[in-house]
Amino acid sequence: MEKMTVRDIEVSGKRVLVRVDFNVPLDEETGTITDDSRIQATLPTIRYLVRRKARVILISHLGRPRGKVVDKLRLTVVAQRLSQILGQQVGIAVDCVGLEVEKSVESLKSGDVLLLENIRFHPEEEENNAAFAQALAHLADVYVNDAFGAAHRAHASTVGITNYLPAVAGLLLEKELKTLGGILTNPAHPFAMLIGGAKVSDKIGMIENVLDKVDSLLVGGGMAATFLKARSYEVGQSLVEEDKLDLTVRLMADMERRGVSFLLPVDVVIADALGAEANTKTASVADIPPQWRIVDIGPQTIENFSQGLQGCKTVFWNGPMGIYEIPQFAAGTKAMARSLAGLKATTVIGGGSTAEIVIDMGLAGRMTFVSTGGGASLRFLSSKVLPGVEALRDKKSS
Ligand code: 3PG
Ligand code: MG
């Protein structure tokens, strides 16, 4: 069911509480924002509301302070950055509920924007506490959820609050649902999925859900080891999810039956230890010594995967091809990012680390869409309910 959006309600002069996902990466030493894409992504909704003279109250989490005030996770830097890119002063409240905050909200004029302090400083947020949700709701007339990245969490600011205010989707949330939903319901074919990352268990729901939609599936990253093992290759010290071996065998049989083209690495970069100082070499997957482990896909695999994506009309990518945090093991991931960027196709990048890589490489603008949700996009593509979306008002059928 399609959800009502901020366009479907009256917002002028209203106090509009917008849940955003400003959970941005911070530099550990300086505390500065290293990537502001998630802030940029909410600009359409904020500008829409400002133009219509709403009084805009933003609420977000940052990191995982676990119900306590953690000074390093204050949203002050976020308010500053948002002020800069919005070109208007964004105030920061002392907290997200309570008398002081109510006063700050009271003093907002039409078109003003106020950011409340990190909502996860209160344990009641993650508990989805009803009284806390009500206290939040008390600040506003209307609730807008634009936090796609947190839509898989059933928290007070994503779900509880919708019991007390008219609740609709923001423009980013709408765009995420349209784009990812389009991949599930109406992808242009051929449609390929490139999957990586550490574990099969993280991605299995999504893979199973798309088997009847994709024309090809390409698997790299740590999780390829479990597939290789299921094909009787020895993978040395690589992590194998023993309890997923049967499942991967079944999946591969299923793909064969359906005629889904399935590509696994044929060569890999292997290392004799995990750190940057390890010895490394390229080996055929048939030739991995017992004391070595897979850390990246090899050059022939890069070639095969890139070829496999040529001519595709839709490509979705989630998960690095190796341990990309270590520069020596990042070549496969970077090569695939460049390969996607060069395609004449709808290219959609899952959020989380895959989005970070693409943004880091300066390639985000060459992709059709980079999702702002990691866990949320995986869950959505598994056709599982996102509680934060479910809770919003349905669009009336016309
Ligand atoms: C994210 O970055 O994945 C979202 O902001 C959700 O954060 P969480 O995983 O801490 O709930
Ligand atoms: Mg997460």
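Start at 1 and go down the list; that is how both ligands and their atoms are numbered. Remember, predicted model here, so these are calculated numbers, not experimental data. Count residues from 1 along the sequence.
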Task: Stacked cation flag Arg52 on Tyr48, 6.0 angstrom / 45 deg - done: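 Judged by the rule (NZ or CZ under 6.0 Å from the ring centre, within 45° of its axis), Arg52 counts as positioned above Tyr48.
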
- [ ] Determine, for Asp112 against Arg55, whether the closest basic-nitrogen to carboxylate-oxygen distance falls under 4.0 angstrom.
- [x] no

Open item on the list: Out of all atoms in ligand 1, which are within 4.0 Å of some heavy atom of Arg153? Include the element for each.
Closed with: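 Reading through ligand 1 atom by atom, the close ones are 8 (P), 9 (O), 11 (O).
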
TODO: Just jot down the ligand 1 atoms closer than 4.0 angstrom to any heavy atom of Asp21, in number order.
DONE: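 Ligand 1 atoms under the 4.0 Å threshold to Asp21: 4 (C), 5 (O).
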
Task: Parallel, tilted or perpendicular, as decided by the 30° and 60° cut-offs, for the rings of Phe380 and Phe148 - done: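 Because their plane-to-plane angle is over 60°, the rings of Phe148 and Phe380 count as perpendicular.
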
TODO: Answer yes or no for Gly374: is there a heavy-atom contact with ligand 1 below 4.0 Å?
DONE: no

Open item on the list: Tell me the nearest of Arg64, Arg38, Arg120 to atom 2 (O) of ligand 1, using heavy-atom distances.
Closed with: Arg38

Task: Gap between atom CG of Leu184 and atom OG1 of Thr179 - 0.5 Å precision - done: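 Spacing of OG1 (Thr179) from CG (Leu184) equals 11.5 Å.
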
